Amino acid sequence: MTVADVRALARTLPRSSEHLVRDRVKFRVGAIVYVAFSRDEQTMGFGYPKEQRDGLVAAEPDLFFLPGASDLRFNWVCCHLARLAPEQMTELVTEAWRMVVPRFLARQRLGD
């Protein structure tokens with residue numbers, strides 16, 4: 001996966017916007033960032049429930065990792081972008097987006 005792959009999906013999500021912040025590509029809804037990339041675009045951080053992230057990292061430690069100590073207070077996990085399968089990327093980005101939009105909007109888009 002690449003930033004271009006994520007961008008293609010994120011641009012289709014309602015209220016999503018792309019921003020370049022300190023040389024880093026970020027996607028957000030309003031002021032809330034739901035996906036961000038490292039400066040070298042090798043890793044991607046994304047919104048993920050705090051109570052589930054340890055399980056995600058433990059299940060695939062070669063793919064997922066926790067953010068730096070200062071960001072552990074956020075609902076956030078990181079991954080190695082090149083190791084993501086297309087289906088994983090779609091699910092992770094869509095679910096991160098779902099966390100930051102109103103429920104009615106997520107239902108309209110995803111049918112839940």
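Computed from heavy atoms alone, side chains included, the values below leave out hydrogens, waters and symmetry copies. Not measured: the values here are computed from a predicted model. Along the sequence shown, the residues carry numbers beginning at 1.
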Could you report the tightest heavy-atom contact between [X] and [Y], atom names first, then the distance?
{"X": "Trp76", "Y": "Arg53", "value": "O-NH1, 3.4 Å"}
{"X": "Lys50", "Y": "Leu72", "value": "CD-O, 4.2 Å"}
{"X": "Ala96", "Y": "Val35", "value": "CB-CG2, 4.5 Å"}
{"X": "Pro67", "Y": "Val77", "value": "CD-CA, 4.3 Å"}
{"X": "Arg15", "Y": "Pro102", "value": "NH1-CG, 3.5 Å"}
{"X": "Cys78", "Y": "Phe46", "value": "C-CE2, 4.1 Å"}

So how far is it from [X] [atom1] to [Y] [atom2], rounded to the nearest 0.5 Å?
{"X": "Glu60", "Y": "Leu84", "atom1": "CD", "atom2": "CG", "result": "9.0 Å"}
{"X": "Leu66", "Y": "Asp54", "atom1": "CG", "atom2": "CG", "result": "6.0 Å"}
{"X": "Arg28", "Y": "Ser16", "atom1": "CZ", "atom2": "OG", "result": "10.5 Å"}
{"X": "Arg11", "Y": "Leu9", "atom1": "CZ", "atom2": "CG", "result": "11.5 Å"}
{"X": "Leu105", "Y": "Leu13", "atom1": "CG", "atom2": "CG", "result": "9.0 Å"}

Check: Only one of Arg83, Gln88, Met44, Met89 forms a side-chain contact (heavy atoms from CB on, under 4.5 Å) with Met1, so which one is it?
Finding: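 Option passing the side-chain contact (heavy atoms from CB on, under 4.5 Å) with Met1: Met89.
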Side-chain heavy atoms nearer than 4.5 Å, only ILVMFWY residues, links allowed to pass through others: does that put [X] and [Y] together?
{"X": "Leu63", "Y": "Val57", "result": "yes"}
{"X": "Trp97", "Y": "Phe74", "result": "no"}
{"X": "Leu81", "Y": "Val21", "result": "no"}
{"X": "Tyr34", "Y": "Val101", "result": "yes"}

Notebook entry, point to check: Taking atom CZ of Arg39 as the centre, does the number of heavy atoms from other residues, nucleotides or ligands within less than 6.0 Å exceed 12?
Noted result: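 Result for CZ/Arg39: enclosed.
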Margin query: Please evaluate residues Arg7 and Val25 with respect to the criterion side chain to side chain contact (heavy atoms under 4.5 Å, CB included), reporting the C-alpha separation (whole Å), side-chain torsions for both, the decisive distance (0.1 Å), and the verdict.
Written below: CA-CA 10 Å; Arg7 180 179 286 126; Val25 175; 4.2 Å; yes
Check: Any side-chain heavy-atom pair from Tyr48 and Leu56 closer than 4.5 angstrom?
Finding: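 Sidechains of Leu56 and Tyr48: in contact.
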Next item on the list: Mark yes or no for whether Asp5, through its side chain, and Thr2, through its backbone, hold a donor-acceptor pair below 3.5 Å.
Entry: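 Present.
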Check: Hey, do the aromatic rings of Phe64 and His80 have their centres closer than 6.0 Å?
Finding: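 They do not qualify: ring centres at least 6.0 Å apart.
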Margin query: Salt bridge check, Lys26 against Glu18: does any charged N sit closer than 4.0 Å to a carboxylate O?
Written below: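 The answer is no: the pair does not qualify as a salt bridge.
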